[in-house]
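Taking it in order: structure first as structure tokens, then the write-up.
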Amino acid sequence: MAGLIYEIFSSSALVSLGLYHTICTTRNHLKSSQSYSAKPYHPLPLHHHQHHRLKHLQLYLLILCLLIAFAHQTITSSDSDPLLKGRTPVHRFATLQSALVSFLFLFLSVSLLISECTSLLPFPSDLFFALGASVFYLQYSVSFAAASVQTSDLQAKCDIVSGRISALSSLLCVVLACNSKFFVADVALGGSLCLQGLWELQTGLSLYVEAFIPEGCHKLLDVVKGVEGSTKCDLEESKLRAMAILDLLFLVHVMFVFIIIMATYAVVAKTVAVRRMGSYEALPNASSDPNNHIQMKALAGTQA
């Protein structure tokens, strides 16, 4: 149950972060496409009279989520896990690798907050994108390393797909570090975060919820401690069927991300257009101005 709760927590945080990034990126591009430039962080668009610290609310929440993730993975590394190849020692090192990646994301977020609030770290955006690409690539490597030691083929498949999404995020960060004007890559980065969040939710459902476990597969239990373990398929035919189902579900999640991006662009474009029209002032009516009326009469008398 704890594994499912953590997957839901991770999914909510990633989807929220990706959706917020997509909305802000689209809004900035539509407001001024010529001066647009990709940013690793978008402060809340608050008015000047409001509390300035609330502008960085997204970073505060992100740091809090990363602290929880780091603490969870560090504590989990101390548990024994006989469901990995190599058992407990391998589990500890693999989990500590994930904790280290979370710590690097945490360090990067804190550095970004210091750069936004003070002048101690005046780093440009392309440097943050380059560092983000490095951490995403490390996450990709850790995911593939974790998949190689899993006794559960189903969980290994989930880790591999998650690693590929991290590799995509790393590539997009490299593109933005080289060209900050690439709007499509910036939106795709937000979409990749949403996709990672949806896949985290799918991983939790496929491994821990009985109704979502593919037919022919079952949950493994640690008989000694009675702790929920991973999910395994006994027959080769059941394993191949489960892999095909996961591939299909991944494509469904990709379709959902496409719909989210298109709907977000449409809503933000309509909102920006309405605000632009609302900012236009009505032109003065010449016929309603008595001075203009007198001038027109005088001009007509002169011509006559």
Side-chain angles (χ1 to χ4, degrees), residues 3 6-7 9-11 13-15 17-18 21 38-41 59 61-78 81 84-86 89-115 121 123-150 155-178 180 185-186 188-204 250:
Y6 179 73
E7 297 291 350
F9 168 77
S10 301
S11 174
L14 286 169
V15 171
L17 178 62
H21 183 85
K39 298 179 181 178
Y41 160 70
L59 275 179
L61 294 176
L62 178 59
I63 291 172
L64 177 62
C65 292
L66 289 172
L67 279 173
I68 295 174
F70 175 72
H72 174 268
Q73 291 162 352
T74 304
I75 295 173
T76 305
S77 65
S78 62
D81 190 345
L84 287 180
K85 298 175 182 177
V90 176
H91 164 72
R92 287 179 178 173
F93 285 115
T95 312
L96 285 175
Q97 288 176 6
S98 300
L100 179 60
V101 172
S102 297
F103 177 79
L104 290 176
F105 275 119
L106 176 63
F107 180 78
L108 189 62
S109 301
V110 172
S111 300
L112 187 57
L113 179 62
I114 295 175
S115 177
L121 295 175
F123 293 159
S125 296
D126 52 358
L127 179 59
F128 280 109
F129 278 120
L131 294 174
S134 302
V135 182
F136 275 121
Y137 184 80
L138 286 176
Q139 189 178 34
Y140 154 78
S141 303
V142 169
S143 297
F144 268 77
S148 65
V149 297
Q150 288 289 341
Q155 184 161 352
K157 177 69 174 180
C158 293
D159 290 339
I160 289 174
V161 174
S162 177
R164 289 172 179 171
I165 300 174
S166 299
L168 174 62
S169 301
S170 177
L171 177 62
L172 292 172
C173 286
V174 170
V175 172
L176 292 174
C178 298
S180 61
D186 203 7
L189 179 60
S192 68
L193 294 175
C194 291
L195 182 60
Q196 187 72 269
L198 291 175
W199 189 251
E200 289 289 334
L201 177 61
Q202 184 61 54
T203 299
F250 175 72

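Position 1 is the first residue of the sequence; numbering continues from there.
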Going from [atom1] on [X] to [atom2] on [Y], what distance comes out if it is rounded to the nearest 0.5 angstrom?
X	Y	atom1	atom2	answer
L113	L62	CG	CG	10.0 Å
I68	L106	CD1	CG	11.5 Å
R164	L195	CZ	CG	12.5 Å
S109	L66	OG	CG	5.0 Å
F9	L14	CZ	CG	9.5 Å
F103	T74	CZ	OG1	10.0 Å

**OP:** Evaluate side-chain contact (heavy atoms from CB on, under 4.5 Å) for F123 paired with S111, printing each intermediate quantity in order.
**Re:** CA-CA 9 Å; F123 293 159; S111 300; 5.5 Å; no

Heavy-atom closest pair, residues [X] and [Y]:
X	Y	answer
S192	I165	O-CG2, 3.6 Å
R92	S77	CG-O, 2.7 Å
A13	C65	CB-SG, 4.0 Å
I160	A147	CG1-CB, 3.7 Å
F70	A99	CD1-O, 3.2 Å
L198	S11	N-OG, 4.3 Å

Original post:
Taking W199 for the side chain and F250 for the main chain, is one N or O donor matched with an acceptor at less than 3.5 Å?
Top reply: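 Not a single qualifying donor-acceptor pair exists.
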
Original post:
Can any side-chain N or O of S170 pair as donor or acceptor with the backbone N or O of S166 at less than 3.5 Å?
Top reply: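 Judged by distance alone, no pair lies under 3.5 Å.
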
Original post:
Looking only at side chains, do Q196 and S169 share a donor and an acceptor under 3.5 Å apart?
Top reply: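 Side chains of Q196 and S169: no pair found under 3.5 Å.
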
**OP:** Count the heavy atoms of every other residue, nucleotide or ligand shown that sit under 6.0 Å from OH of Y137, and state whether that count exceeds 12.
**Re:**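 No, the 6.0 Å shell around OH holds no more than 12 heavy atoms from other groups.
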
Sub-4.5 Å side-chain heavy-atom contact between [X] and [Y]:
X	Y	result
L189	F129	yes
T203	S162	no
Q139	F105	yes
F128	S115	yes

**OP:** Could you walk me through whether H21 and D186 pass the side-chain contact (heavy atoms from CB on, under 4.5 Å) test, one step at a time?
**Re:** CA-CA 9 Å; H21 183 85; D186 203 7; 2.7 Å; yes

**OP:** Flag the pair Y140 / F144 as yes when their ring centroid distance falls below 6.0 Å, and as no otherwise.
**Re:** yes

